[in-house]
Amino acid sequence: MKLGPGLAGIVKLAIVLNVYGATPASANSWTAPNVDGGKSWKDAFAKASSLVNNMTLAEKVNMTAGIPGSCVGNIGGVPRLNISGFCLEDGPAGVRPLHGVSQFPVGLTTAATWDRELIYKRAYAMGKEFYDQGVHLALAPVTGGPLGRAPLAGRNWEGWSPDPYATGVASYLSVLGMQDAGVMATAKHFIGYEQETFRNPYNLAEVYAVFPANEQSPISSNIDDKTMHEVYLWPFAEAVRAGVAHVMCSYNNLNGTQACQNSFTLNHLLKTELSFQGSVISDWGGQHSDVDALIGGLDMAMPGSGFGGVFGQFWSELDKLVENGTVPEDRVTDAALRVLTPHIWLGQDETPLPEHVFNALPTLYDAPDMYKDVRQNSTAELIRKIGAEGATLLKNTGGLPLQNPQRIAVLGNDATDNALGQNACGGAGIACPLENLNGTLSYGGGSGYAYAPYIITPLDALKERAIQSGAEISAITVIDNFESAIQSLVPTSDVTIVFVSGWATEFQDRPDITLNNNADALIAVAVNYSSNVVVVMHIPGVVDIEKWADNENVTAIVAAWLPGQETGNAITDVLYGDVNPSGKLPFTWAKSLDDYYPDTIVSDPILEPQANFTDGVFIDYRWFDAQNITPRYEFGYGLSYTTFEYSKLVVSEPQTADSSLFGSISLDASAVSASLKLSSSGFVSESDSIQDTAEPFTDSDGSNSLYDVVLQVTATITNTGDVIGSEVAQLYVSIPGDDQPVRVLRGFIKVKDIAPGESSTASFDLRRKDLSVWDSVKQTWYIPTGEFTVSVGASSRDLPLSMRWSP
């Protein structure tokens, strides 16, 4: 039998290290290293040690076990030592579940901008709202759990991209941005959390429940060592390098052992290999034991005894377990140090946060006297910009930009308001009933949802623009029985803009990739009566567009993703050409669900469900390349209103010892806090915030840093069109070896505002790790011998520039 691309590595690893099964990953196999502050937190660690050494056992427990309180998660603190309690709140795209805050574009939308500056600014602005609401610890960002292995996964939109390098960059910048705003960030969900179905054993409310509560084990993500390091651990390593304060463990099992008590992943991979110095926090319902979790590497029990005990009463009697010798006090001491050190490092101990006046639970909406508005005047503009910059133009045969049409027809319920209120989908629970007039979809559902202070719908913005230009505009927003109305309106219009959507939420995976609310039928009728149909999609990922994408009457298709409160203004800026679209796909868009790697969502009703990651490192575009499958749109694809030409590829050794981390960018200094130190290249220097990453590496020159820049690459981008535009230049590397993908992303930069006929230079740094692979036998990174190919272009399959290189 011929093994699949990842299965061979799993079998090899099981033989050599036996880490595929439960034995080495069991709760007592890997000892937790004691925190020491790493490279950057020495002073904070010393102060934390002094405080913790003066704590009683009960006070140490009070620093590690959640208690009931006004926030989603609460730590009691130690008042005797002037250590305030901690407030923990969701979520990855805005403060939840509070009002008086902004609804930011989700991670997927921001990823589609491929813009480092916007990723950082979003994180900083979001972190500022957390801080101003009195939140010590933000449960964000999503750092690769889910990464996006399964196109149907319900929470993919909360994260970034199934490419580990791209998600690594976004995670690094998001941690910097949030913590520069003064709030502790949490990288989540660690690790291999790639589906909602069977994610935990409770089965109390899940739509997929097939067994009585607590009978079924969580889904076990079975991942080989090479895949773990090269794919799923990669973005978490970048978050740790950025100095992330906390890491949240996930619901699922890893190779048979639950993630929040898995000593191999927590104590070995995270705390030893990556030398993570902060605390590991359980997801709400992710902790299943007292002793095994503590010994396995968990440092903060959430919600602990909060939420009325619905998730258990974990660590409520931890002091007794120490006193009777069940667990060592040193482990509790280490946990308390890990919780307290980043709090001190960020200065939260010396500068108290603003008072938090809200009560997150149990009421859904806050009382008027508890409302606190912390929004900044510039935030709405930033949200609008990210929505416009992330919008991805997939097809354009002349429909866009709009040339001041005089009669405009708008079709689709997604163009207008939700009949049940702007937060009815996501805000009031997970339900988004398909029979309802749900209105424009700005977000997905679940704990990643943030309340919108308002929604500027597409119809709102288009009406305002029509009034300004003197145009007529009319809309049909019903779900069914629309053909007669379309027949009377559309034929007399200059352009027909159809708004459609697809819903996704935490707690359940998508059943398919079909658009919601009878969207295909709506488009089918529209193209029968109009020769100029523009389709705009608010979606959480790939959807099936094969029925109409090639129809000649569909003159443009835009993926607008989930852009938050300024959704209508953002898409109108793109439709009218005020913003030249530069968004590109952060995942591969297949023609059929069957083109993706099969069975990435496991739903077999068995007591111990298993998800075998036999695709290995061949995730997303790597699978399509290896199998020579032609997608509808490849990874990194996106059109513009202008055209670009690539030339003059140069690959050279670095000219300076200290180079930028992910390629040069320029940040607006006014948006950056004083704690963010900029290097001469305009980016954060590694030494300013890096934790002590201990991943081993040794080569012939004696270097032991995976993050030294080995190669510098430049390419010239020329605007060959008629309008100013920005281009996302992408760098891919083909690494020698039979078990390697055809190519992997190893650099990207948005070259901005190139005038017609003008050129700009795209610059990339290739670090040692970017050219390395993981050796599961020797347990080390190494640069393989052989010939590498460095390619630069507009997408993973449009790479006009290539050069060979050998180490």
Side-chain angles (χ1 to χ4, degrees), residues 105-116 118-119 146-153 156-167 169-170 386-396 400 502 504 513 515 535-546 549 556-563 570-571 574 580-593 595-597 619-625 629-641 644 725-732 741-750 792-799:
V106 304
L108 173 65
T109 308
T110 314
T113 70
W114 295 66
D115 189 322
R116 288 177 171 79
L118 289 181
I119 294 170
L147 184 67
R149 173 181 183 252
L152 293 178
N156 284 350
W157 56 273
E158 293 185 32
W160 306 93
S161 167
D163 181 82
Y165 179 91
T167 290
V169 172
I386 294 172
E389 295 283 337
T392 307
L393 183 61
L394 301 174
K395 176 183 179 180
N396 191 22
L400 295 177
I513 56 173
L515 287 161
V535 179
V536 177
M537 302 179 292
H538 288 112
I539 49 178
V542 65
V543 292
D544 186 356
I545 61 175
E546 295 304 307
I557 304 172
V558 183
W561 314 118
L562 302 172
I571 193 60
V574 172
N580 188 347
S582 58
K584 296 204 176 189
L585 290 179
F587 62 86
T588 300
W589 194 303
K591 294 180 179 179
S592 167
L593 186 61
D595 288 342
Y596 293 101
Y597 192 83
I619 186 173
D620 197 72
Y621 66 90
R622 304 176 183 189
W623 167 255
F624 282 76
D625 289 344
I629 300 171
T630 301
R632 163 58 66 175
Y633 306 114
E634 72 270 18
F635 178 83
Y637 171 87
L639 301 175
S640 169
Y641 295 152
F644 299 97
S726 301
E727 169 70 343
V728 178
Q730 302 160 46
L731 183 150
Y732 295 83
V742 174
R743 63 186 63 88
V744 291
L745 180 73
R746 287 296 185 260
F748 64 86
I749 191 75
K750 178 169 276 191
V792 174
S795 74
S796 65
R797 294 198 172 184
D798 181 8
L799 298 167

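The residues of the chain are indexed from 1 along the displayed sequence. What you see is a predicted model, and the numbers here were worked out from it, not measured in a lab. What you see below is based on every heavy atom in this structure, not just the backbone, and it leaves out hydrogens, waters and symmetry mates.
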Exercise. Are any non-hydrogen side-chain atoms of Val543 and Trp589 less than 4.5 angstrom apart?
Worked result: yes
For this session: Compare all side-chain heavy atoms of Leu400 with those of Val574 and state whether any distance is below 4.5 angstrom.
Result: no
Problem set entry | Residues Thr113, Ile386; criterion side-chain contact (heavy atoms from CB on, under 4.5 Å); working and verdict | CA-CA 7 Å; Thr113 70; Ile386 294 172; 4.1 Å; yes
Exercise. For Leu585 and Glu634, what are the C-alpha separation, side-chain angles and deciding distance, and is it a side-chain contact (heavy atoms from CB on, under 4.5 Å)?
Worked result: CA-CA 8 Å; Leu585 290 179; Glu634 72 270 18; over 6 Å; no
Exercise. To the nearest 0.5 Å, what is the distance between CG (Leu108) and CG (Leu562)?
Worked result: 6.5 Å
Problem set entry | Interatomic spacing from NZ in Lys591 to OG1 in Thr630 - rounded to 0.5 Å | 5.5 Å
For this session: Please list, chain by chain and in numerical order, all residues satisfying salt bridge (Lys or Arg N to Asp or Glu O under 4.0 Å) with Arg746, sequence neighbours excluded.
Result: none
Exercise. How many angstroms lie between CH2 in Trp114 and OG1 in Thr392, if you round to the nearest 0.5 Å?
Worked result: 10.0 Å
Exercise. Heavy-atom distance under 4.5 Å between the side chains of Ser726 and Asn580, does that happen here?
Worked result: no
Exercise. In Å, rounded to the nearest 0.5 Å, how long is the span from OG of Ser795 to NZ of Lys584?
Worked result: 6.5 Å
Seminar exercise, completed: Closest non-hydrogen atoms of Ala794 and Glu727, given as atom of the first, atom of the second and distance, are CB-OE2, 3.4 Å
Seminar exercise, completed: Heavy-atom closest pair (Ile539 atom, Gly502 atom, distance to 0.1 Å) is CG2-N, 3.8 Å
Exercise. Going by heavy atoms in the side chains, are Arg116 and Ile749 under 4.5 Å from each other?
Worked result: yes
Seminar exercise, completed: Looking only at heavy atoms, the pair that brings Ile571 and Ala391 closest together is CD1-CB, 4.5 Å
For this session: Just jot down the side-chain contact (heavy atoms from CB on, under 4.5 Å) partners of Pro162, sequence neighbours excluded, or say none.
Result: Phe587, Ile619, Asp620
For this session: Without swapping roles, check the side chain of Trp561 against the backbone of Gly390 for a donor-acceptor pair under 3.5 Å.
Result: yes
For this session: State, yes or no, whether a side-chain contact exists between Tyr732 and Ser796 at a heavy-atom distance under 4.5 Å.
Result: yes
Exercise. With a distance cut-off below 6.0 Å to the six-membered ring centre and an angular limit of 45° from the axis, does Arg149 pair with Tyr596 as a cation-pi contact?
Worked result: no
For this session: Step by step, work out the side-chain contact (heavy atoms from CB on, under 4.5 Å) result for Ser161 and Phe635.
Result: CA-CA 10 Å; Ser161 167; Phe635 178 83; 3.7 Å; yes
Exercise. Going by heavy atoms in the side chains, are Asp544 and Leu515 under 4.5 Å from each other?
Worked result: no
Exercise. At what distance, to the nearest 0.5 angstrom, does CD1 of Ile119 lie from OG1 of Thr110?
Worked result: 7.0 Å
Exercise. If every non-hydrogen atom of Leu393 is compared with every non-hydrogen atom of Pro581, which pair is closest and at what distance?
Worked result: CD2-CG, 3.9 Å
Problem set entry | Verdict with reasoning, Tyr637 to Arg797, per side-chain contact (heavy atoms from CB on, under 4.5 Å) | CA-CA 8 Å; Tyr637 171 87; Arg797 294 198 172 184; over 6 Å; no
For this session: Indicate yes or no: at least one non-hydrogen side-chain atom of Tyr621 is less than 4.5 angstrom from one of Asp163.
Result: yes
For this session: Give the minimum heavy-atom separation between Met537 and Ile557, together with the two atoms involved.
Result: CE-CG2, 3.6 Å
Seminar exercise, completed: Taken in chain and number order and not counting sequence neighbours, the residues that satisfy salt bridge (Lys or Arg N to Asp or Glu O under 4.0 Å) with Glu389 are Lys385, Lys750
For this session: Of all the heavy-atom pairs spanning Val744 and Pro741, show the shortest one and how long it is.
Result: CG1-CG, 3.9 Å
Exercise. Does some side-chain heavy atom of Pro563 sit less than 4.5 Å from a side-chain heavy atom of His538?
Worked result: yes
